[in-house]
Amino acid sequence: MTAKKKAKPVVEWSAADLETLRSIRNAGASLDANMHRLPGKTYYEADKTARLLGLKHASVEVRGLRVMSDGKPRTAGQLAVEIGSSRTSACDMLHNASLPGVTQKVHVCGFTPGGRPLLIYVAGQGINEQPRVARSKAVWSSDPESALDEQYKAKASWWPRADQVVISAINAMVHAGRAAA
């Protein structure tokens, strides 16, 4: 005869335990890192109970906007520390939330001083402040026309780029020495 499996005891969840589980999930915190707040419960029991109750993690955007709603200006790094996420996630969230339009939830209000300025965000719609770019002084030569051309020279990035098929055709013509058929 085979031995009967022991039935696992049913874990009772008190109202306080369920409220603790809700607060962990709403904060977006890791359930594994907060199991000390649920004594006598295993990770799997807590995860299963959370799924049965329909509790989901609060996203980085929800947590970030909740923290930003106090009106205090912050950089992405400061926000990441406050909500317990990576700096990259906080940067992505702030970038998307600061895009102009009806969905704008934060805006850039300034920059940190120093060598590499960081964006400072504040809650609410507004016009994103643009970085001040230091203009180089034009070196005046004997020909003021060339100095003006140098000062107001446009970047070549606005030129259209050729399609890969066009580039391949031109390369084929150059290598063949005649028009490619």
(message) Show, in sequence, the C-alpha distance, side-chain angles and deciding distance for R63 and M93, and conclude whether the side chain to side chain contact (heavy atoms under 4.5 Å, CB included) test is met.
(response) CA-CA 10 Å; R63 289 181 287 153; M93 185 279 296; over 6 Å; no
(message) side chain to side chain donor-acceptor pair (under 3.5 Å) for S168 and N171? Distances and angles first, verdict last.
(response) CA-CA 5 Å; S168 299; N171 285 339; 5.7 Å; no
(request) Verify side chain to side chain contact (heavy atoms under 4.5 Å, CB included) between R25 and R22, making sure each step is shown before the conclusion. (result) CA-CA 5 Å; R25 287 294 183 155; R22 282 188 182 91; 6.0 Å; no
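Under a 3.5 Å cut-off, the side chain of T75 and the backbone N or O of L119 do not form any donor-acceptor pair. Under a 3.5 Å cut-off, the side chain of Q164 and the backbone N or O of V166 do not form any donor-acceptor pair. Looking at H107, its side chain does come within 3.5 Å of a backbone N or O of G124 through a donor-acceptor pair.
Atom OG of S85 and atom CG of L79 lie 6.5 Å apart (nearest 0.5 Å). In this structure, CD in Q104 is found 5.5 Å from CG in N128, a value given to the nearest 0.5 Å. Atom CZ of residue F111 and atom CD of residue Q130 lie 6.5 Å apart, to the nearest 0.5 angstrom. Separating the CD atom in Q125 from the OG atom in S98 is a distance of 11.5 Å, to the nearest 0.5 Å. To the nearest 0.5 Å, atom CG of residue L99 and atom NE2 of residue H95 are 4.5 Å apart. In this structure, the separation between CG on N96 and CD on E61 is 7.5 Å, given to the nearest 0.5 Å.
Hydrophobic clustering of Ile, Leu, Val, Met, Phe, Trp and Tyr side chains at less than 4.5 Å, counting indirect connections, keeps V60 apart from V81. The same ILVMFWY cluster, assembled from side-chain heavy atoms under 4.5 Å apart, contains both L21 and Y43. Linking ILVMFWY residues whenever their side-chain heavy atoms come closer than 4.5 Å, directly or via other members, leaves V67 and V122 in distinct clusters. When the side chains of ILVMFWY residues are joined at heavy-atom separations under 4.5 Å, either directly or via intervening members, I120 and V106 end up in two distinct hydrophobic clusters. Both L55 and I24 belong to a common hydrophobic cluster when Ile, Leu, Val, Met, Phe, Trp and Tyr are linked at side-chain heavy-atom distances under 4.5 angstrom.
Ion pairing between a basic and an acidic side chain is recognised when a charged N comes within 4.0 Å of a carboxylate O; K41 and D47 show no such pairing.
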Which atom pairs, one a donor and one an acceptor, fall under 3.5 Å between side chains of residues 32-39 and the rest of the protein, sequence neighbours left out?
from, atom 1, to, atom 2, distance (Å)
N34, ND2, S30, O, 2.8
H36, ND1, A33, O, 3.3
R37, NH2, S23, OG, 3.1

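Listed by chain and residue number, R74 satisfy the salt bridge (charged side-chain N to carboxylate O under 4.0 Å, His left out) test with D70 (two or more places apart in sequence, or in another chain).
The minimum heavy-atom distance linking C91 with A76 is given by the pair SG-CB, 3.4 Å.
Looking only at atom types and distance, the side chain of S89 has no donor-acceptor partner in the side chain of D92 under 3.5 Å away.
R87 CZ: 12 or fewer foreign heavy atoms inside a 6.0 Å radius. Environment of CD1 in I127: sparse, with no more than 12 heavy atoms of neighbouring residues, nucleotides or ligands closer than 6.0 Å.
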